[in-house]
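Got a structure for you, questions after.
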2 protein chains.
Amino acid sequence: MISHKIVPNVSVDCVIFGFDFEKLNVLLVDRELKDERTGKVLISDHTLTGYHIYDDEDLDTAAYRILKELTGLDNLFLEQFAAFGQLDRVSSEKDQLWLKHINKGFADRIITVGYLALIDNTQVTLKLSEKNVQWYPVNEVKNMEMAFDHKYIFYKALEALQKKVKVEPIAFELLPDYFTLSQLQKLYEALLGASFDKRNFRKKISQMHYVIPLKKKQKGVPHKPAQYYLFSREVYEKTKKNRISFIV
Amino acid sequence: MISHKIVPNVSVDCVIFGFDFEKLNVLLVDRELKDERTGKVLISDHTLTGYHIYDDEDLDTAAYRILKELTGLDNLFLEQFAAFGQLDRVSSEKDQLWLKHINKGFADRIITVGYLALIDNTQVTLKLSEKNVQWYPVNEVKNMEMAFDHKYIFYKALEALQKKVKVEPIAFELLPDYFTLSQLQKLYEALLGASFDKRNFRKKISQMHYVIPLKKKQKGVPHKPAQYYLFSREVYEKTKKNRISFIV
DNA sequence: AATATTAAGTGTAGCATATACACTATCTGG
DNA sequence: CCAGATAGTGTATATGCTACACTTAATATT
């Protein structure tokens with residue numbers, strides 16, 4: 001294996017969102033720092049998944065690498081949303097300890113580029129079990145201890161996601177290839193923290209010709225089986241309206 | 001004066017947009033590299049305005065510093081829009097030369113954080129004359145030679161601006177404190193590359209209660225004098241609608 | 001003084017989209 | 001076969017969007 005050289009002042013952090021048909025989740029690393037002799041847990045925290053970039057890879061490549069290492073998946077939605085370079089990113093004594101431990105003290109000043117990743121999280125649950133990585137409901141994050149400025153980064157990612165979901169069809173990245181309209185509605189409700197009228201929601205979706213009904217239906221459910229739908233990016237790109245109107 | 005230590009792998013670049021009541025402009029540096037002995041111009045290019053960050057300042061602070069040095073103004077709209085870290089940011093021989101000259105070769109691998117700045121450019125024209133910095137119409141940039149990946153960064157900034165202007169009231173940052181509705185319309189048309197019906201435009205604006213008519217009117221114009229208006233951020237924040245609807 | 005020129009300012013009708021609201025249909029499990 | 005659960009459907013009202021043409025008020029020209 002090649003040993004890569006690290007760019008000392010730059011890292012990427014991925015905020016990985018998942019949807020389990022009920023609520024929005026985020027993938028976090030459970031970290032513990034143990035005393036080497038006694039094995040006693042000195043500090044514990046949650047972090048986002050990130051690392052320094054190598055000097056022979058692009059920012060995007062680094063983010064994909066981290067994502068792949070973690071979930072075993074590639075071909076996921078992954079997009080930069082902001083860079084974080086506050087002087088006080090690593091301020092507390094605890095954070096200093098983490099920095100030494102996690103980043104091995106490559107540099108004091110690290111600018112990190114935040115990436116937003118979206119996954120259908122019913123697919124990755126299994127592969128994670130071995131690692132110290134878990135899905136946490138987005139609503140519970142506010143009560144969690146997180147290292148560095150990762151909580152801040154998380155909230156900025158959530159904001160970016162909520163903004164973006166209103167103007168681009170990225171919600172589908174959080175669903176499997178085919179899905180029911182109720183699942184889609186639950187997703188939008190979870191994302192936007194709102195609730196919609198079922199009929200109006202479906203009316204709206206039916207105008208989006210890139211959400212295409214399949215012949216497939218649900219099976220084995222104890223109620224009227226729902227029809228499956230598909231998101232077609234191709235149709236979306238073709239029929240995309242060039243909105244010149246502004247809404248402020 | 002204190003000599004600052006530089007963070008070797010990180011810089012900021014500002015894409016500064018201005019509006020002159022006619023068209024959208026961008027502020028670029030005209031650079032020449034001359035042979036020290038003969039004085040002959042070896043290479044010439046345009047660049048964005050940027051520099052490394054210091055190890056004792058935030059990213060935002062660095063961007064403000066650069067903006068202030070250049071325009072003499074602070075209190076401008078300034079916002080991060082993306083980070084750029086492609087391996088081939090500095091690829092051509094020409095760019096290698098620039099890198100040595102401009103950045104003094106602090107590092108090969110530089111990740112730059114792009115900032116978007118908005119100015120009423122009727123106010124800064126004078127102060128720029130001494131420096132090798134000029135306003136260029138956005139429409140002409142495509143025909144210009146630019147160093148590094150600055151043209152790419154410029155286009156990404158323009159895209160970000162065009163997206164943002166549709167959902168947030170940042171267009172007003174490009175106008176003086178008071179302005180006429182025709183000026184506002186011209187601005188939106190320049191920003192979005194569209195043209196609007198005057199009556200419909202004004203109808204739309206009149207629903208935005210944060211665009212407030214003043215008692216002041218134009219003077220000395222050879223036509224019916226226009227009324228001046230004011231953008232009130234305060235009113236905007238108060239009356240901001242929480243749109244939960246999504247448009248895709 | 002009269003007229004030309006320029007941009008400011010104004011209303012209405014048709015169409016499309018958004019909202020509010022309640023019942024029937026179809027499957028499984030007991 | 002009945003209970004429970006979720007899927008699926010239509011209409012009326014209000015709001016917002018689009019298309020379209022003339023009058024007003026200042027200066028400049030003769």
Under the salt bridge (Lys or Arg N to Asp or Glu O under 4.0 Å) test, which residues partner A:K217, sequence neighbours left out?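 Testing A:K217 for salt bridge (Lys or Arg N to Asp or Glu O under 4.0 Å), a comparison that skips the adjacent residues, returns none.
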
Who are the side chain to side chain contact (heavy atoms under 4.5 Å, CB included) partners of B:T49, not counting sequence neighbours?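 Testing B:T49 for side chain to side chain contact (heavy atoms under 4.5 Å, CB included), a comparison that skips the adjacent residues, returns B:C14, B:I16, B:V29, B:I66, B:L70.
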
Which residues satisfy the salt bridge (Lys or Arg N to Asp or Glu O under 4.0 Å) test with B:K142, sequence neighbours excluded?
->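 For B:K142, no residue satisfies salt bridge (Lys or Arg N to Asp or Glu O under 4.0 Å) once neighbours in sequence are set aside.
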
In 5'-to-3' order, the base (B), backbone-only (S) or no-contact (-) status of each nucleotide in nucleotides 7-16 of chain C, using a 4.0 angstrom heavy-atom cut-off, is BBBBBB----

Looking only at the side chains, is there a donor atom on one of B:Y136 and B:D30 sitting less than 3.5 Å from an acceptor on the other?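 Yes, a side-chain donor-acceptor pair sits under 3.5 Å.
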
Fill in: Contacts of B:K186 that satisfy salt bridge (Lys or Arg N to Asp or Glu O under 4.0 Å) - sequence neighbours left out
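If we apply the salt bridge (Lys or Arg N to Asp or Glu O under 4.0 Å) test to B:K186, skipping adjacent residues, the hits are B:E22.
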
Legend entry - Where DNA chain C forms stems, i.e. three or more consecutive Watson-Crick or G-U pairs with both distances under 3.5 Å: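 The stems are C:1-30 with D:1-30.
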
>> Rounded to whole Å, how long is the line connecting atom CZ of A:F196 with atom C1' of C:dT19?
In response: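 A:F196 atom CZ is separated from C:dT19 atom C1' by 13 Å.
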
ask   = Listed by chain and number, what are the salt bridge (Lys or Arg N to Asp or Glu O under 4.0 Å) partners of B:K216, not counting sequence neighbours?
value =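 B:K216 satisfies salt bridge (Lys or Arg N to Asp or Glu O under 4.0 Å) with no residue once adjacent residues are dropped.
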
Next on the checklist: Quick test of your reading: applying salt bridge (Lys or Arg N to Asp or Glu O under 4.0 Å), list the pairs with at least one residue in residues 70-83 of chain A, sequence neighbours left out, ordered by first then second residue.
Outcome noted: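 Output for this query lists A:K68-A:D74, A:E79-A:K164.
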
query: Rounding to a whole Å, what distance do you find between A:F21:CZ and D:dT6:C1'?
result: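 So the two atoms are 15 Å apart, to the nearest Å.
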
* **For A:F77, ring-ring contact (aromatic ring centres under 6.0 Å, His included) partners two or more places apart** =>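 Partners of A:F77 under the ring-ring contact (aromatic ring centres under 6.0 Å, His included) test: none.
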
Between P of D:dG10 and CZ of A:F201, the distance in whole Å =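 Atom CZ in A:F201 sits about 18 Å away from atom P in D:dG10.
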
